[in-house]
Amino acid sequence: MTKANAKEIEKRESADSLFLGSDGGDDAYRRAMAKATDAVLDSVGDGEQPYSGQSPESLRELFADESMIPEEGTGVEEAIEDAKSILRNSVNVSNPTCFAHLHCPPAVPGLAAEAMLSATNQSMDSWDQSPAATMLETRMVEDLCSLFGYDADAGDGVFTSGGTQSNFLGLLLARERFAAERFGTDVQRSGLPPRAKAMRILCSEEAHFTAEQAAAHLGLGENAVTTVETDEDRRLCPDALDRTLSDLHERELVPFALVGTAGTTDFGSIDPLSELADRADEHDLWFHVDAAYGGALAASDRHRDRLSGIDRADSIAVDFHKLFYQPISCGAFLLRDGSRYEHIARNASYLNPEGDNAPNLVAKSVQTTRRFDALKPYLTFKAVGRSGLAALIDGTVDLAADVADLLAEDDSFELVAEPTLNAIVFRYRPHDDLSDDLLGWINEAIRESLLREGEAVLARTEVDGVSALKFTLLNPRTTLSDVAAVLDTLERRGDSLCAVSPEVSR
Ligand SMILES: *Cc1c(COP(=O)(O)O)cnc(C)c1O
């Protein structure tokens with residue numbers, strides 16, 4: 001054997017243990033995955049607190065002696081062993097009292113799919129990088145179109161990183177269509193038309209901030225978003241919309257898109273979608289529904305009606321990494337009339353050569369290299385069925401109603417609004433003489449102290465200028481007694497804060 005040959009063999013052997021496809025690599029994968037699984041199970045155990053309570057300073061300390069780019073490696077198993085401290089100081093999203101945000105416990109079929117899609121590493125930008133995955137995603141999009149009442153043959157769409165990207169895609173198509181039809185401008189080629197300064201997007205004042213973010217990224221600016229008042233249930237008010245439309249008209253501004261929200265982040269409120277669809281028809285607006293949160297109701301026989309009118313939307317954003325229990329990231333953008341994609345048609349000739357009849361999804365997305373996230377909801381629907389998922393979703397909506405009753409009956413708390421989905425906004429309010437400032441301060445102090453002790457992870461929001469607390473009860477394993485126990489802790493913490501602050505106690 002020549003010296004050069006021996007070197008080649010050595011190189012090959014060390015690569016073999018790092019990559020799949022040889023006995024050495026396959027065995028290393030099996031051992032690494034088993035070890036990683038144990039590390040995960042160590043960190044999500046029952047009875048533990050949802051967070052270790054570490055501060056930013058102490059977490060920086062955790063990595064103080066470590067280089068993120070060490071010169072020499074330790075081998076994968078030791079590296080996984082070391083990573084346990086990261087997992088132990090992560091919020092445990094599977095814990096029943098981790099209920100701050102729209103941040104779900106991931107379901108086991110989704111986790112299995114995640115392992116499969118990352119190991120096979122298909123890339124959704126061209127057929128020759130993801131043949132079966134491209135077909136599966138295409139079929140999944142068709143069936144999602146049907147679930148939302150679209151005609152599956154006419155509809156189209158794509159998996160996205162989440163609501164942010166799906167909302168952007170909806171408003172991008174809305175802008176392109178309007179500029180083409182109204183001003184004869186192909187924005188993709190020529191940039192914004194001179195009249196772009198007058199273009200307006202309408203949404204409710206409770207809409208997600210990504211509507212403004214999209215307007216900024218689309219070159220229209222955040223000021224292109226005109227917010228419309230909501231009613232007492234925090235739903236976009238159609239009468240107010242009519243007034244806003246005539247006001248814009250008088251000022252020679254041109255609305256081109258109307259964003260309805262199905263499940264606002266704080267209250268879960270659902271805009272009156274049918275009435276918005278009527279207005280959109282009447283005024284030639286692109287109707288986009290941000291159903292990132294509430295879209296999951298489409299799977300529920302009991303609650304599907306609340307989305308009525310969503311089938312008339314031009315486009316829909318739905319997230320699977322919220323109420324569909326999929327690991328991050330996983331969302332979809334759905335388009336009622338797939339031919340609208342022509343407005344952003346691109347031909348990356350190396351991915352999508354002209355005359356190539358294979359389906360290439362690259363032109364439907366704003367991403368190029370893209371994950372095969374469709375496998376996760378596919379596998380989950382397969383494993384538990386639509387009805388199985390619906391039962392989970394329905395259970396969380398029921399729990400939220402029970403928690404609202406609990407809060408309404410308790411003199412120490414103020415229920416800010418009846419929940420629509422499973423988010424509940426409330427305040428600790430021991431008596432009615434507190435100023436807004438003190439009320440806000442004490443609620444924030446409670447939240448921080450529970451997080452610092454790691455006892456419960458809840459969110460804060462602001463309602464009418466005053467801080468409030470929020471539970472987002474996504475976890476189907478959370479019970480009424482879990483929530484009641486947190487409310488007890490919360491009340492005790494509030495009472496002791498009152499005791500040490502003379503201006504708070506009566
Ligand atoms: C979460 C959410 C978004 C943002 O979606 P991401 O998945 O975080 O990108 C947008 N709109 C609503 C209503 C949401 O709940």
Handout entry: Contact check, side chains of V187 and H343, non-hydrogen atoms, under 4.5 Å
Key = no
Practice task
With sequence neighbours left out, write down each residue that passes salt bridge (charged side-chain N to carboxylate O under 4.0 Å, His left out) with E275, or none if nothing qualifies.
Solution key: none
Exercise for the section: Return yes when atom CZ of F413 has more than 12 non-hydrogen atoms of other residues, nucleotides or ligands closer than 6.0 Å, and no otherwise. Expected result: yes
Problem - D247 bridged to R251 by N-O distance under 4.0 Å - result: yes
Exercise for the section: Taking atom types as modelled, find out whether D394 and S300 have a side-chain donor-acceptor pair closer than 3.5 angstrom. Expected result: yes
Exercise for the section: Could I get the full list of side-chain contact (heavy atoms from CB on, under 4.5 Å) partners for S118, not counting sequence neighbours? Expected result: none
Practice task
Would you mind reporting whether Y51 and L451 have side-chain heavy atoms less than 4.5 Å apart?
Solution key: yes
Practice task
Answer with yes or no after comparing the ring centroid distance for F333 and F159 against a 6.0 Å cut-off, counting only values under it.
Solution key: no
Problem - All side-chain contact (heavy atoms from CB on, under 4.5 Å) counterparts of R429, not counting sequence neighbours - result: E414, R427, D432, L439
Practice task
Before accepting this row, confirm whether a basic side-chain N of the pair R493/E455 lies closer than 4.0 Å to the acidic partner's carboxylate O.
Solution key: yes
Problem - Close side-chain approach of D314 to L335, heavy-atom, < 4.5 Å - result: no
For a quick test of your reading: what N or O donor-acceptor pairs under 3.5 Å do the side chains of residues 191-200 make, sequence neighbours left out?
from	atom 1	to	atom 2	distance (Å)
R200	NH1	K197	O	3.1

Problem - E282, CD: over 12 other non-hydrogen atoms inside 6.0 angstrom - result: yes
Fill in the blank from the handout: Residue pairs passing the ring-ring contact (aromatic ring centres under 6.0 Å, His included) test with at least one member in residues 253-274, sequence neighbours excluded, are F178-F256
Problem - Flag, side chain of K376 to backbone of P327, donor-acceptor distance under 3.5 Å - result: yes
Problem - salt bridge (charged side-chain N to carboxylate O under 4.0 Å, His left out) assessment of E137 paired with R371 - result: CA-CA 11 Å; E137 177 169 333; R371 293 160 51 85; over 6 Å; no
Exercise for the section: May I ask you to say whether R386 pairs ionically with D301, meaning some side-chain N is under 4.0 Å from a carboxylate O? Expected result: yes
Problem - Backbone of F99 reached by a side-chain donor or acceptor of N475 within 3.5 Å - result: no
Problem - Lys/Arg-Asp/Glu bridge criterion (N-O < 4.0 Å) met for D266, R460 - result: no
Practice task
Enter the distance from H208:NE2 to L102:CG here, rounded to the nearest 0.5 Å.
Solution key: 8.0 Å
Handout entry: Y325 and P476, any side-chain heavy atoms less than 4.5 Å apart
Key = yes
Exercise for the section: Measure the NE2-SG distance between H103 and C98 for me, rounded to the nearest 0.5 Å. Expected result: 7.0 Å
Exercise for the section: Using only heavy-atom distances, determine whether the side chains of D233 and S269 contain a donor-acceptor pair under 3.5 Å. Expected result: no
Practice task
Please identify each residue that fulfils side-chain contact (heavy atoms from CB on, under 4.5 Å) with D186, with sequence neighbours left out.
Solution key: Q188, R189
Practice task
Taking atom CG of N223 as the centre, report whether more than 12 heavy atoms of other residues, nucleotides or ligands fall under 6.0 Å from it.
Solution key: no
Handout entry: Side chain to side chain, V457 and T97, heavy atoms closer than 4.5 Å
Key = no
Practice task
Calculate, to the nearest 0.5 Å, the distance between atoms OG1 and CG belonging to T210 and D290 respectively.
Solution key: 5.5 Å
Problem - Rounded distance (nearest 0.5 Å) linking atom CG of L375 with atom CD of Q326 - result: 9.5 Å
Problem - Donor on one side chain, acceptor on other, D156 and Y150, under 3.5 Å - result: no
Practice task
Could you tell me whether R312 and D278 make a salt bridge, using a distance below 4.0 angstrom between a side-chain N and a carboxylate O?
Solution key: yes
